[in-house]
Each structure stands twice: as C-alpha cells, then as structure tokens.
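Written out below as structure tokens is the structure these notes cover.
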Amino acid sequence: MISDRVKSNLKQSLSESILPKIGLVLFIVIIFMALFAPVLATHDPTSTGYFDPESGSAYPPLGHSYDTEIAVDGEFTAVTVEANSTHLLGTNTVGQDVYSRLLYGARVSVIVGISATLLAMLIGVPIGLLAGYYGGRVDDGLMRVADTMLAFPALVLALALIGVFGERPIEIPDPIVMAGFADGMPETIPIPGTVTIVGALVIWVWFARVARGEAMSLRNAEYVKAAKSFGTSNTRILLKHVLPNSMTPIIVLATIQVAVIILLEASLAYLGFSGTTLSWGYEIERGQDYLRRRPWVSIFPGIGIMLAVISVNLLGDWFRDALDPNIDQSKRGA
Amino acid sequence: MLKFLFRRLLQGILVIWGAITILFVLRAFSPGDPAVLMAGEGADDAYIEQVRQAEGLDEPLLSQYFEYLLNIMVGDFGFSWEARREVEAIVIGRVPATVELAVAATVVALVIAIPLGVISGTRRNEPADYGATLFSLLGISTPNFWLGLMLILVFGVWYGIPYPSIGTSSFSLGGFAVEYPNSVGLGLFDFPTGRREIGFAAAVSALVFEQSVSELGTWVRYITLPALTLGTYFTALITRLTRSGMIDELGKPYVTSMEAKGLPRALILYKHTLRNTMIPIITVIGLQIGTLAGGAVITETVFNWPGLGLRLIDALNARDWPVIQGIVLFIAIAFVVINIIVDALYNYLDPQVRES
Amino acid sequence: MSEPILKISDLSTSFFTNEGQINAVDSISLSIDQGEVFGIVGESGSGKSVTALSLMDLVESPGEITSGSISYRNAELADTLREEYPDAVDGAFVDILSVPESVRRSLRGPSFSMIFQDPESSFNPSVTVGEQVAEAVEVQRRARSNPRSTHAKTRGVEYSLSGYLTSAVLPSKRFVTTESKERAIELLEMVGIPDPIKRANEYPHQYSGGMLQRAMIAQALAGEPDILIADEPTTALDVTIQAQVLDILSELQEDVGMTILLITHNLGVVARMCDRVGVMYAGEIVEQGTLEDIFEHNIHPYTAGLMGSIPALDNVGGRLHPIEGNVPSLLDSEMRDGCYFADRCPKAMEECLTKPQAFDGPGSEDHAAMCYLATHEYEEEQALPDTYFDSSTEVMTDD
Ligand SMILES: Nc1ncnc2c1ncn2[C@@H]1O[C@H](COP(=O)(O)OP(=O)(O)O)[C@@H](O)[C@H]1O
Ligand code: SF4
Ligand SMILES: [Mg+2]
C-alpha cells in the first residue's frame, strides 16, 4: 500500500524542510499528552476544590501573584491573589487546574478528531468507490447529494444536526486509571459523542468525492482491465486493486480533516453545544468573561488548539508534497 | 455562456431542493416529538398541542413535505412559536449585519492577502516569504473565537493589562466579578466590543445627505475587530493560494517570453501572472463562502454582533427549530447563489472557457 | 564579408542544483556577422537553449552566467555608456555582461529578441494575441520616444503597481495605446496572418500552432531588433507549416538584413537557412565554420555523425540520435577530463584523454574544430579499446 517511492519521498521532504519536522514533533508531543494525561496531570481535572473563596477568584499561574480589587457581595476590597505552587498554569474560574485540564483537553481533541475522521472514511470511501467504479446513475445521485451537503457550511450543518439530536457525551473508561497507574484521576472521561458523529456526517462527502475520482481514473487502468478479463469479481477488483491504489490521496485528505474536526469540536464546545465541559473550546468560553484579570484561563487552551491544528496541518502538507506525483516530477525535471 | 448559466441555475435549484429536503427529513425523523421541536424550549403541553395542530404535524409526511416545499417557494420560512414571529422576518432583520461583517472580512482578506501572497511568491525563500508562510500557517490553524478574544486582549494591552480600568463594566454576580470590556484600543482608536451601533447603509446615507463622517467612523470602529477576526483564516488561505499560484504562474514559459520582449517586470507580475493566479482563486473564494458563514457564527458570538449567526445560537439555546432551519436554509441558498455568480464571473474572466 | 555584430568569448553558464553544478554552457566562443544567419545545431540537452537565454540574459535561478563576455556592436549605445562604464566599452562594442541589469533589460526588444520553440506555451492564455503583440510594440515605442536624453533609453520602461491599479479604473491610462494596437495588426499582417484585425482580438487557444508561431515572430519584430534569436522555431510544428515559417524568416532576413541566430537540431533547416554554423555538444561548440566547412570538410566525428543522420525533409520532427549513446549529464562532478565526446567517438585515441583545444580546420578561415583530428590523421595504433569507457563510467548504462 505504501510503496518504496512514497517512503523515500516522505524521507526526502522530511530532511529537506524544517516544517514537517516541527509538525511531527508537535504531533508526537500532543499524542503523548493525550495518551498519558492521567499520569502527567497534577490534579483531578474535574475537581473544583482549588477555588479560593477568600479572593473570590481563581489562582493565577506561577509567578503571577498580583494585587487587585474584587467585588465581593457588592463591596470592593483590596486583595492579593497569590499564585499557588501546585498549579503550574493556574486555575480556572471555578478553581480547576488549568494544566491538568489542558492535558485532558488534548485527549478529547485527539479522540474526537481521529474517530470522527475514521467514521467519515468508513462512510465516504465505500460510497465514493462504488459510485466512481460503476458510474452512471449511482454516480449522478452521489454527486448531487455531495453538492447538496457542501452547500451547508460544516459548522452550520453541525449546529442544525445538534439542534435535532441534542448533544450527548459518552463516558469512556480510562484504562490507565483502571489499571491503577494514576490514583485520584477520574475513572471515565466524557467524550462528546454527538459531536463525533455529527463531525463525521459533515465531512464524509469529501472522502466520497476523492474516492470517486480515484475509482474513476483507476476504472480504466490496464491492470484493472486485465483483472476483469480474467473474470475477477468486481468486489475483488475494488478491494484488491482500486482501494489500495486510491489510499494515498485519501490519507492526505484524512490528515487535513483531523484538523477540521479538532476546530469543529472546539467551536461547538465554545458555543456550549458539545455536551461536555472537559474540552479546550469550553475552557476558552469559560475564561472569556474574565479575560482581563485571568487571561490564562482562555490563553492556554487556545494555544493547545492552535498547536494541535498546526501539527496536523503540517503533517498534511508534508504528506501532500511527498505523495503528489506531479510535485515529484516538477522537482526533478530540468 | 447563456446555456452554461442556464445549466448552472438548474443545478443550483436542484441543490436548494436537496437542502430543503434534508432539513425536512431532519425534522420529520428527529428522535423526539416534532411538535416539541417546533414549539421550542419551555413550551407547556397545551402550547405544544396548539403547535401540532397549526403546523399540521398529524398529517401524512408526504403532504407535510409538499406544504413545506410550497411555503418555502413563496418565501414563507415558517413561524417561530418561541419568538412568536415569522421566521423570514427574523432572518431578513439579521441579514445586513452578517453581510456587512462577511464583506468587510473578505475585503480585509483580499487587501492583505494578495500583496502578501505576491511578495512571498516572488521572493521565495527570503525572510518576507518565511514571514508570510508562518503567518498563513498560524492563520489557518487558529480557532477564530480564540483569536477574537486575543485581539481584545492585545488591544487591551495598550492600556496595561492586567489592570485596565477604562471602558469596562465590572459588576458583581454571586460573588464573582464579571468583567468584559466594552471597548478596547488605543484611546484614540477605541474598538468597541459587543454591539453594532449603526448599519453601513445608515452610515453612508449620513455621509451623503448630512455630510457627516462620524457615523461612518463609528461603523468602522465597531466592525474592525470582528472583521479582523473573521478575515484572518481567509487572509491566510488566500495568501497561501496566491503564493503557490504565483510560483506556478511565474514558472510558465510565457513569462520568459514576456521578459524577452522587454516588458517591465511589474507589468508581467500584475497584468499577467497575478491576473492568471486570481482566476482560479475566485472559485476557491466562492467555495469558501461556507467557511466564512461558519466563522461568522462564531465571530458574532464572540463580539455579540447581531447577525444571523448570533441569532442561530440564540435559537439553538431556545431549541427553536423553525428559526434554526430558517437560518440554515438561508445560508445554504446564499451559498448556492453566490457560487453561481462566482462561476459566471470565472467564465467571464477565463477566455479559454468563455470562447469555447 | 561584413563586420561582426556579436562576439561571444569564453561564455559559461552553470546551474547550481541540489544534485550538483551543471555546466550547461562551457566556455564557448563565437562571432556572428551583421546580417548573417548563424546556426547552432546539436542534440537535445547539449546546451543550445541555455546559450540563447544567456544572450538574452534570461537564465533563471539556479542558473548563472559564470564567466565570459558578450560584446555587442552598437555605436550609439557605446557612446552613451562610455563615460559611465569605461570597462564595458571597447570601440563600438559594449560588453553587455559588464553593464547593469537595467541596461541589459533595455536591450531586450530593440537589440535582441527571441522566438521560442513552443508557441502555445509562450503566450499568456488569458490575454488576446493582439494585445500581447501590442505590448511588445508599446515597450519599444515608449523607450524610443522617451523625451529625456538617450541615456534614459538604457533605463528601460518604468512601470509600477500604482500604474496598473490606475489603468484598471481609467482605460486611457492603460499600458497599451491604440497606436501600438494598430502597429500590432500591421505586424500580424506582415507575418502572413489572414484577417489580422479579427485575429488580433482572439486568444492564443483559438490559433493554430503555425499561426501562433507567426504571431510570436511578429511580436519579436516589434522592436525591430538587431539580432533575432530563434530557438527551434519550427520543432513544434507540422512539416508543411515548418516550411512556411522558415520562408517568413528568410524573407525578413533578406528584406531587413536582420541578423538571425537560428537554433535547431535539424540539419535540413541549417542547410536551407544558414550562412555559418556552430555544432554544439555537451555545452561546447565543438566545430564551427561556413555551411560548406561543416557539410563538406567537417573534422569532428560528432559533426560527421550528425551528417550521417540528416533526417529526410519529410521527417524533420524526428530527434537526432546520430551516434550511439547519450549527451552526458553535464554534471560537473561526472564530466571526465579530456574530450567530452570520447566515450561515444568511434575514433577516440589516447591523446583524447586530455582536452583538445579549438584547432584551425582545413576549410575556410573561420573553420575550427575541437578535435585532435584537425591536427593529424586518425592513428589506429593509438585507439582506445572499445571497452575503455565501460569500466570508467558507471552512469552511462542505458536500460
Ligand atoms: N532550469 C534548469 N535547471 C537545471 N538544469 C538546467 C536548466 N535548464 C537547462 N538545464 C540543463 O542544461 C542542459 C542544456 O539544456 P538546454 O540548453 O535546454 O539543451 P538544448 O536546448 O540543447 O536541448 C541540460 O542538460 C539541462 O540539464
Ligand atoms: S578529440 Fe578525440 S575523442 Fe574527441 S572527437 Fe576528436 S577524435 Fe573523438
Ligand atoms: Mg532547447
């Protein structure tokens, strides 16, 4: 499925440019954060126990103690807000540890991003392959559906779907905590289930379109014709010849779509329609009313989203440059 | 050309019909009681029954479907039982704010992105190119709601964050201090956040009929930060496209041939390569109108900008389905119409398509 | 005959690629007379196009002219530049490699212009042919009518983004004026395009290849150039059209007395058009002389090989592959010492392992060849064994 030429191209563009390297490193860091969140976290991300009732405020990050006036019960009083050394990045407005929530947020983003993209592939690729391979009415129908789906902006369609289906989290157990490696961390984490499904429903069309295009061009390839003349069944041709050969553009697309989903999840969570609160997007929303005095509550999760999306985009660019045969030629041609 | 337009129009109608059907199917097969969905949150049983009767939700699905189709064809988008108003009235009232925002964002994007893309495409691997590449990478990767907040914060920095004291409202709410700036900026240039004082049409008419500039100034001040927020992704995208388009175009043999006849470099760049670069980008811009609409929902929420997107979020919070579907449908129709126009423009600009 | 108009000496152009340095033009020297047609022949990949682009100063990065001089005879230009660039001026000759970029740019059009191999890709597809020809006219018209001193002529035509933006709003500020458009139509008529008024408003894709090549000739003539460089002007065309295009070129040459540098890999074209010829191999001019020298008294086995493979005139599209093997890659690191042709040469001798210089040939006084056979007869006992290069070159294996 991944030929030697592809591998050597990937290696070559990795060594030629700094950007794919940055993307790869960022990606590994984020996956690491997501996988080992319970171990790396310093506090239970859902516990609100670190709220400082005296100042009526959240802790600032390390080294950022400051004097301020805070209205408590209608009276303005001068207080000093002290950084608490156990909260690396401070606490949010309800006293949860920002650092720990940042790690868990990576988890949610990665899980939703990858599972929604896989789901979309599962829906889109077979439909696209069949339409492209058989052509005719099936194909016309698919293209009309695709056009229609694309008339809805992703976020707007997602909101409409959520308007009908509501938003439901799925609690998934945390194997690391279950195995006893991280005591005191939540045993399950809530993943925005509806958002995952809705995300897949919003992006599957792209996979169908790409798979269709590939199937159409492969339909007339010599080896497919040859296979047909031996009496190989269409299903077998599709699985053995057409699918493997269309994987390259599908992988490139999938990479980019992970970024789309991460942004979509963050946006929905920010708007309050993801059904969960353990999410980078939701944290930003939570911090926005306190932006001036407690900017860290919104800043850090935003950086998290940005780095995650940058890493996936850079990987996408890398794959595209390395896998696109046209670019390959133009680099070499004299 | 006419034949093409006709075909494209027919295609567009088909897509709109499909969009209407999808929205109908969503309502008809929603997991709950469609009457509850239509009535909105907080409706009591009697009201829900009333909605069921009035909307004919007991009737066969097929006749409901045709009624729905017919209504939309005559411009009747339904009735919001929650807001007790016609949906089309709600939608129309919110259109200008969103259109202003979207157009302003597009203008910002084009004005910044095209020169940036040209510079970066013509000075490959120079610092300017690296800068533009980095900018466009950040631009397409930054969630715009966060960007909006950071703009507010950064402009606030001029006042000395974390203790700005001007132009904010600070009041107590259950022990918490709520602080959200009403305006941020440099004093001279305060950019208000969270309102839209005046529409563009009103500002222009004040300028024309009363020779008063201040209305237009107000409009500009209010729209600056939202337009920057919404426009950044677009700017980044168009910068990328312009850069790679220019690189492609400058590598073509006709450029050498133009150099050979002694044309000034600037003429080759702007009249020939940039023009050719922009032709395909126009199509991309058309297709990205959807992203712009999605971004508008977010931006309007961040800045409390009273457009369609903010209304959509309000409707979602109130579970007011008629308004949700009305706005979603309106956006889909707008997308189709804009893309037909863009295609026509593309055809006009590209002689290879036009003359054949 | 008449005096030289262009003297090229030791011109080298290299490309600095990731794979290494490619010496596409390797210290060539030629001299072209006023009013003659000078031909350059050679297989594809031997550096002909890069030579042409070097003369036009259009070599693109990663390519660079690394050494040599190109002396162009133009008394007026020499007078203008003498004070400012005394090193560049010698009598009526100006070394165009020693003057600034802006001066060289200003020479494109009125001094040198060029016709390219593939007319279809040499026009901008989204601008009308008439407009593109008119642009060339306009540049020259502006350069000539420049009210300031002749000095200003060497500065080139000024143009900026603001100029473009104004022209988008005000039609009267467009770069191309009506006069230039009219002149463009005259030029199109001159090169034999029927119904030029109508065709001027058509786009390149509406033209046939031959018509477009004529339009390109018209465009190249807009500045009434002293030297016209034609890089394989007929290769992309049908046989019958080729003949027509060549006819147009010869007519022009006779009428205006224009100097033409004609690049081709087709010896039939050379025989028909040229007065003198340079044979190019691996970035070098390996033999040059009059038509007769090259066809009758050739010395270099490569030239002889080319002769053996003159394609019949009805098969001119075919590529030359006169001698077994390929043009070397021209990569600096892979070029061996000695004669570059030795690995393919049927008469390679031991002394050929050191580089031959350009020796006088037996023909006219211009005749020269870079080959030891110009100095003595082939000596069989000195011959290198057939298998000599099989072991010493690993890159030459062909599959
Ligand atoms: N842009 C370029 N980059 C790298 N090498 C080039 C470039 N253009 C030409 N060359 C090299 O220069 C050599 C001569 O090319 P060219 O002048 O086009 O040959 P010809 O016109 O005789 O067919 C070729 O071997 C090619 O590898
Ligand atoms: S110098 Fe020697 S190898 Fe080169 S062409 Fe002449 S005879 Fe052949
Ligand atoms: Mg060539």
Side-chain angles (χ1 to χ4, degrees), chain B residues 1 110-119 121-126 129 242 245-283 345-356, chain C residues 52-53 56-61 105-128 131-133 135-140 142-143 156-165 167-168 174-176 202-206 216 219-220 222-223 225 229:
Chain B
M1 181 79 183
L110 291 176
V111 166
I112 299 175
I114 293 176
L116 209 57
V118 171
I119 290 171
T122 48
R123 308 203 180 148
R124 270 178 95 180
N125 299 328
E126 286 179 28
D129 182 25
T242 310
M246 282 301 273
I247 290 173
D248 264 13
E249 209 59 38
L250 284 171
K252 290 192 175 164
Y254 78 79
V255 174
T256 315
S257 142
M258 298 201 158
E259 295 269 12
K261 63 187 184 186
L263 284 195
R265 184 84 184 157
L267 187 82
I268 301 178
L269 277 187
Y270 303 120
K271 179 170 166 185
H272 294 282
T273 53
L274 180 58
R275 205 184 113 119
N276 285 2
T277 304
M278 290 320 289
I279 293 172
I281 290 181
I282 289 175
T283 319
L345 197 67
Y346 178 86
N347 270 272
Y348 171 73
L349 286 176
D350 188 357
Q352 294 188 57
V353 186
R354 175 171 17 123
E355 306 283 331
S356 54
Chain C
L53 292 173
M56 298 292 296
D57 192 32
L58 288 176
V59 181
E60 272 167 23
S61 158
R105 177 175 280 275
S106 74
L107 297 178
R108 286 180 216 144
S111 296
F112 303 88
S113 71
M114 183 158 170
I115 305 172
F116 295 86
Q117 173 173 349
D118 183 5
E120 251 121 76
S121 63
S122 298
F123 280 97
N124 180 353
S126 48
V127 173
T128 61
E131 170 94 6
Q132 295 188 60
V133 176
E135 279 174 349
V137 178
E138 183 70 30
V139 180
Q140 307 317 328
R142 289 192 188 201
V157 175
E158 310 261 325
Y159 194 81
S160 66
L161 177 58
S162 58
Y164 179 61
L165 291 179
S167 74
R174 294 234 166 101
F175 181 73
V176 173
E202 291 182 355
Y203 290 88
H205 72 273
Q206 292 165 290
M216 184 142 61
Q219 178 173 278
I229 301 171

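In what follows, chains carry the letters A, B, and so on, assigned in the order in which the sequence lines appear, proteins first and then strands, with residues in each chain numbered from 1.
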Exam field: side chain B/Arg275 to backbone C/Ser126, donor-acceptor pair closer than 3.5 Å:
yes

What part of [X] gets within 4.5 angstrom of chain B, counting heavy atoms only: side chain, backbone, both, or neither?
X: C/Glu120; answer: neither
X: C/Phe123; answer: backbone
X: C/Ala220; answer: neither
X: C/Leu53; answer: side chain

Among the options C/Ser113, C/Ser61, C/Gly109, C/Pro125, pick out the one with the most heavy-atom pairs lying under 4.5 Å from chain B.
C/Pro125

Are the side chains of C/Pro204 and B/Tyr254 in touch, meaning some heavy atoms are under 4.5 Å apart?
no

Closest non-hydrogen contact found for B/Ala260 with C/Arg108 is O-CB, 3.6 Å

Taking atom [atom1] of [X] and atom [atom2] of [Y], what is their separation to the nearest 0.5 Å?
X: B/Glu259; Y: C/Met56; atom1: CD; atom2: CE; result: 9.5 Å
X: B/Ser257; Y: C/Gln219; atom1: OG; atom2: CD; result: 5.0 Å
X: C/Asn124; Y: B/Glu249; atom1: CG; atom2: CD; result: 7.0 Å
X: C/Met114; Y: B/Thr256; atom1: CE; atom2: OG1; result: 8.5 Å

Can you tell me which portion of B/Lys271 sits under 4.5 Å from chain C's heavy atoms? Options are side chain, backbone, both or neither.
both

Residue set satisfying salt bridge (Lys or Arg N to Asp or Glu O under 4.0 Å) with B/Lys261, at least two apart, ordered chain then number -> C/Glu135

Which is it for C/Val139 and B/Leu267 under the side-chain contact (heavy atoms from CB on, under 4.5 Å) test, yes or no, and what are the steps along the way?
CA-CA 11 Å; C/Val139 180; B/Leu267 187 82; 5.9 Å; no

